[in-house]
Number of protein chains: 2
Amino acid sequence: MARTNTRFVEAHNELLTLCDKMEIGDFLPSENALSSQLGVSRTVIRSALARLDELAIIALDGREKIIKRRSAKDDRLDGPPVLLGIEELESRFLDWVLRMDVPPGTVLNVAQLSKDFSVATHTLQEFFSSLSRFGIVVRRPRGGWVLHGFTKNYAVELSDFRTVLELNSVRHLATLPPEHDIWARLDDLEQEHLSLLERIDEDFHDFSPLDEKFHAAINSVVTNRFVKEFQKIISLVFHYHFQWNKTHERDRNEDAIREHLTLIEALRSRDADKAEAAARRHLATSKQTLLTSLETNRHAT
Amino acid sequence: MARTNTRFVEAHNELLTLCDKMEIGDFLPSENALSSQLGVSRTVIRSALARLDELAIIALDGREKIIKRRSAKDDRLDGPPVLLGIEELESRFLDWVLRMDVPPGTVLNVAQLSKDFSVATHTLQEFFSSLSRFGIVVRRPRGGWVLHGFTKNYAVELSDFRTVLELNSVRHLATLPPEHDIWARLDDLEQEHLSLLERIDEDFHDFSPLDEKFHAAINSVVTNRFVKEFQKIISLVFHYHFQWNKTHERDRNEDAIREHLTLIEALRSRDADKAEAAARRHLATSKQTLLTSLETNRHAT
DNA sequence: CGTATGTTTATTATTATTAAAGACAGTGAG
DNA sequence: CTCACTGTCTTTAATAATAATAAACATACG
């Protein structure tokens with residue numbers, strides 16, 4: 001019970017390799033030095049040293065920590081299974097929703113999911129709480145969580161919000177000086193789009209990552225933590241749903257590529273109005289595709 | 001240890017009053033009926049009934065639950081102290097940051113705060129996790145939280161984000177038909193502004209709530225959960241900092257009132273460009289005020 | 001045969017407990 | 001003396017254990 005002693009085990013083993021690197025009879029550095037070297041607190045170092053003393057690998061005598069013998073395989077400790085942190089959890093959870101096609105309204109079982117994802121239940125709770133800010137999950141009155149996002153209404157509002165943010169990026173981008181990095185990136189992206197267009201019949205599946213890359217590039221010119229935070233959610237939801245909707249995928253993607261190219265063209269001409277119009281057109285198409293995909297999948301409420 | 005039995009205690013007491021309302025010798029309804037009536041699970045009802053049986057207030061005999069006697073004062077149970085939920089916590093926490101003038105970089109002590117706010121530590125953790133989406137607090141590498149928001153950079157990015165959202169609202173508002181509610185609300189707000197302007201020398205403190213009301217009205221025309229979520233954070237941070245900055249408060253507020261009036265005027269003329277320009281000017285002033293207030297308070301990084 | 005109850009299982013919210021971090025004070029070598 | 005080092009103690013956060021609850025299932029009664 002209580003927290004895992006991963007840090008202790010790791011420090012202990014690291015200390016072993018450290019001893020083996022030194023000569024028998026040498027003195028180990030001070031506890032303070034060791035703690036800052038291994039990046040753990042002195043408390044951990046002291047417990048590890050105490051164990052090494054017990055194993056007679058070192059001899060503690062006041063300030064002196066004399067190395068007495070080499071370490072054996074058995075001296076090393078096995079730590080508990082490492083649990084994932086909250087960052088890894090995010091992508092794993094969203095991937096799960098995506099792949100398993102979890103419908104809105106599903107009750108999320110914290111105990112079960114924590115096993116599946118091998119995280120502490122506690123970590124999942126926190127994670128859900130943070131997602132609840134975006135309404136993707138909501139807390140039920142008496143405990144428990146429900147997957148709530150990914151409904152039609154949600155999609156509409158998210159699309160609209162995306163449009164507001166991205167039009168702002170586009171307007172800003174059109175005013176940037178020619179020496180800005182973005183122009184080179186746009187040139188590269190243009191090449192990638194043209195190349196994909198040539199082999200669209202076979203490789204239309206490759207559009208999705210390219211789409212994400214393109215929109216990420218556009219938004220990268222605005223350095224704003226709120227925009228970036230939303231970008232993550234937005235790109236997730238869009239690509240999630242696009243994977244569902246397999247109807248006319250080839251044609252949709254071809255159209256989208258052409259819209260992207262038009263936007264790049266307009267941006268390069270530095271005509272803000274033209275660029276905005278092109279962006280607006282493309283975002284409207286995206287929104288429509290998203291809504292269609294919702295209807296064909298009957299996940300809407 | 002483990003969770004509180006609040007639900008049991010409450011159901012138990014409710015059941016007592018229910019019995020007292022009926023005649024001695026009557027039969028209580030079925031467990032299912034009671035559970036749906038009191039809004040708790042059958043398990044809770046069964047535990048409560050079992051206790052009432054022990055106290056000889058009712059007699060359980062197969063399906064029959066016969067009322068045997070009236071309840072006494074002592075039969076009622078006292079529940080544990082009620083802990084606050086996560087919603088109440090939000091306002092209490094933000095209020096604490098505001099009043100105590102907690103500087104950025106402060107390490108937030110979950111154990112201590114959970115006592116102060118009388119919530120479970122667990123609840124605080126979840127709450128911080130949700131705030132971390134907006135960067136107001138951030139998680140430290142090995143556990144713990146730091147108050148991170150409310151720095152200069154944060155303020156700049158928040159202002160910019162606010163501008164993007166609010167200009168969008170303004171553009172939208174200018175296109176609304178005359179029969180829309182918003183026009184009447186704007187008329188009312190105009191009167192309130194004019195009235196405050198007349199007595200500005202004495203009542204300039206009254207501007208802050210009016211400002212919030214005005215901006216809330218503008219944004220109310222966009223029904224989007226993301227916009228609304230942000231509105232909450234934005235209005236908090238702005239009014240938080242404005243309370244700090246007492247320099248030239250009267251003049252600042254008078255200027256802001258005039259800017260509001262100009263914006264109302266422009267909106268009513270349905271000239272989108274004019275309205276946008278007026279809004280942009282006002283938001284720029286707001287941003288400047290926010291930055292100034294940060295510098296005078298030396299909380300910036 | 002349907003409704004009510006008895007029983008079991010699953011799941012969550014919360015506490016108790018331990019690991020780790022950090023503070024403080026004492027100690028001894030230079 | 002003093003400064004780095006160690007011993008001890010306090011505080012804090014992460015996790016396991018646990019009680020409360022919900023829900024599912026099985027059984028019995030009318």
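We name chains A, B, ... by the order of the sequence lines, and we start the count at 1 in each one. The analysis underlying the following values was restricted to heavy atoms, covering all of them including side chains, and did not include hydrogens, waters or symmetry mates.
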Tell me whether the OP1 or OP2 atom of [N] has a side-chain N or O from [X] closer than 4.0 Å.
X        : N      : value
A:Ser41  : C:dA21 : yes
B:Gln112 : D:dA13 : no
B:Lys65  : C:dA4  : no
B:Asn5   : C:dT14 : no
B:Arg46  : C:dG6  : yes

Residues B:Lys228, A:Glu157: salt bridge by 4.0 Å N-O rule: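 No, B:Lys228 and A:Glu157 are not salt-bridged.
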
Is A:Arg133 salt-bridged to A:Glu229, cutoff N-O under 4.0 Å?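 No salt bridge links A:Arg133 with A:Glu229.
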
Report, as yes or no, whether the 6.0 Å neighbourhood of atom NE2 on B:His12 holds more than 12 heavy atoms from other residues, nucleotides or ligands.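 Yes, because the 6.0 Å sphere around NE2 of B:His12 holds more than 12 heavy atoms from other groups.
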
Just wondering, are more than 12 heavy atoms of other shown residues or ligands nearer than 6.0 Å to CD in A:Glu23?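 No.
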
Between [X] ([atom1]) and [N] ([atom2]), how many Å, whole number?
X        : N      : atom1 : atom2 : value
A:Leu124 : D:dT15 : CG    : C1'   : 14 Å
B:Glu126 : C:dT12 : CD    : C1'   : 11 Å
B:Arg3   : C:dA10 : CZ    : P     : 17 Å
A:Asp53  : D:dG7  : CG    : P     : 11 Å
A:Phe128 : C:dA13 : CZ    : C1'   : 16 Å
A:Ile45  : D:dT6  : CD1   : C1'   : 14 Å
A:Asp61  : D:dG7  : CG    : C1'   : 15 Å
A:Arg51  : C:dA20 : CZ    : P     : 14 Å

Quick check: does any side chain N or O of B:Arg69 sit under 3.5 Å from a backbone N or O of B:Leu55, one acting as donor and the other as acceptor?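 The answer is yes, because a donor-acceptor pair under 3.5 Å joins these two groups.
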
Among D:dG7, C:dT11, C:dT5, which is the nearest nucleotide to the side chain of A:Asn109?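 Given the options D:dG7, C:dT11, C:dT5, the side chain of A:Asn109 is closest to C:dT11.
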
Output the single nucleotide from D:dT6, D:dA22, C:dT12 whose closest atom is nearest the side chain of A:Glu31.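 Among the listed nucleotides, the one closest to the side chain of A:Glu31 is D:dT6.
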
Taking for each residue the nucleotide of DNA chain C with the nearest heavy atom, is it B:Arg140 or B:Pro29 whose nucleotide lies nearer the 5' end?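 Whichever sits nearer the 5' end wins; that is B:Pro29.
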
Which is more 5' along DNA chain C, the nucleotide nearest B:His122 or the one nearest B:Asn32? Just name the residue.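 Looking at DNA chain C, the more 5' nearest nucleotide goes with B:Asn32.
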
For A:Ile66 and A:Gly25, which heavy atoms make the closest approach, and how far apart are they?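 The answer is CG2-O, 3.7 Å.
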
Closest heavy-atom contact between B:Phe8 and B:Arg51?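 For B:Phe8 and B:Arg51, the tightest heavy-atom pair comes out as CZ-CD, 4.2 Å.
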
A:Thr43 (side chain) and C:dA21 (base): donor-acceptor pair under 3.5 Å: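 Side chain to base: pair present.
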
Just checking A:Thr6: base, sugar-phosphate only, or nothing, at a heavy-atom cut-off of under 4.0 Å?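 Here A:Thr6 touches the backbone only, sparing every base.
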
Sugar-phosphate only, base, or nothing, as touched by A:Leu108 at under 4.0 Å among non-hydrogen atoms: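 Counting heavy atoms under 4.0 Å across all strands, the contact made by A:Leu108 is with sugar-phosphate only.
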
One character per nucleotide, please: for nucleotides 24-30 of chain D, 5' to 3', B when the base has a protein heavy atom closer than 4.0 Å, S when only the sugar-phosphate does, - otherwise. B---BB-

Return the 5'-most residue of the pair A:Gly62, B:Arg139 with respect to DNA chain D, ranking by each residue's nearest nucleotide.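 Looking at DNA chain D, the more 5' nearest nucleotide goes with A:Gly62.
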
Quick check: on DNA chain D, is the nucleotide nearest A:Ala33 upstream (toward 5') of the one nearest B:Lys115, or the reverse? Name the residue that is more 5'.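 The residue closer to the strand's 5' end, by nearest nucleotide, is A:Ala33.
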
B:Phe230-A:Phe230 aromatic ring centre distance below 6.0 Å: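 Between A:Phe230 and B:Phe230, which both carry aromatic rings, the centre distance is below 6.0 Å.
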
